[in-house]
Amino acid sequence: MYRFRVRLEDIAENRLTLRGQEARHLSKVLRLGPGEEVLAFDNSGLEYRARVEQVNQDEVVCVILAQYESGREPGLDVLLLQGLPKVDKMELIIQKTTELGVRSIIPLRTTRAVVQLEGKKAQDRVDRWQKIAAEAAKQCGRPKVPEIGQVADLAVAIRALPPGTMVLAAYEAEETQGLAEALKSWPGGPIALVIGPEGGFDSREVAFLTEQGALSVSLGPRILRTETAGMAALTMVLYHLGDLGKVGVRSQ
Ligand code: SAH
């Protein structure tokens, strides 16, 4: 069944209204009309089975047949602090980590990054990335769109994390602690994964991270590319803590 995003304010007692692009997609692209059943989801985690009632110029009114918890959001806040990679890689990282279940992504300025983004250019990129996250969320059925933060210096981003966040800094030269082991001391609450850019972190950044209470962790025996490292670390965390690797959501 086709899925559409609906805004919270467009949901009334027993009807919901799709607007703008969602409405056009339904009527013009998919050519669905009255009587068809569709799925809609809002960003509060609820999903609706609905029947198209009326197709107007720029809106589609549907009758709600059933409403239920989507069950597709991870119950866990995992943030990705990603050292800025080359442009196309960042897009891939955003798309894939959204599918996997990241809560938010903060692009980091770091010493060894090949790409430096400032001012208007940085803002435009963040806007574009936010759209990519919204698209990916829709495609994979997540009700919540991960938030893409402003491009930030490593130190600023670390200090801005919510209190109680467990910070795991992925460091390929870490010899004593693996990610799996570090997760055994997870106290509950958000987890931030810090991933270096193509060139990795320099020793001062690693020292800063540990001073700030981050745990330096290995992701395994091989050196992963930056775009692989975030996806792999996120998958490991969500698997270890019981989100990924479980049965999916049954259709209602
Ligand atoms: N500068 C390094 C590799 C950087 S890999 C080199 O060229 O040798 C990019 C980032 O991915 C790293 O900063 C780290 O955060 C993460 N990473 C890659 N492989 C890893 C591993 N095996 N363990 C922990 N982190 C890893």
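Residue numbers count from 1 along this sequence. Both ligands and their constituent atoms are indexed starting at 1 by order of listing.
- Among the candidates Gln82, Glu198, Lys89, the single residue satisfying the side-chain hydrogen bond (donor to acceptor under 3.5 Å, both in side chains) test with Thr226 is Gln82.
- Ionic pairing of Arg112 and Glu205 is not present here: no N-O contact between side-chain nitrogen and carboxylate oxygen is shorter than 4.0 angstrom.
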Would you mind listing each N/O atom of ligand 1 next to any protein N/O under 3.5 Å, plus the distance?
unit_1	atom_1	unit_2	atom_2	d
ligand 1	1 (N)	Gly199	O	3.1
ligand 1	13 (O)	Gly196	N	3.3
ligand 1	15 (O)	Ala170	O	2.6
ligand 1	15 (O)	Gly196	N	3.0
ligand 1	19 (N)	Leu224	N	2.9
ligand 1	22 (N)	Gly220	O	3.1
ligand 1	22 (N)	Arg222	O	2.8
ligand 1	23 (N)	Leu219	N	2.8
ligand 1	25 (N)	Tyr171	N	3.3

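- Screening Lys28, Arg24, Arg19 against Asp58 for a salt bridge (charged side-chain N to carboxylate O under 4.0 Å, His left out) leaves a single residue, Arg24.
- Lys138 and Glu135 are not joined by a salt bridge, as no carboxylate oxygen comes within less than 4.0 angstrom of a charged side-chain nitrogen.
- Taking the salt bridge (Lys or Arg N to Asp or Glu O under 4.0 Å) definition, one finds that Glu37 meets it with Arg49, sequence neighbours left out.
- A distance of 10.5 Å separates CZ in Arg51 from CZ in Arg15, rounded to the nearest 0.5 Å.
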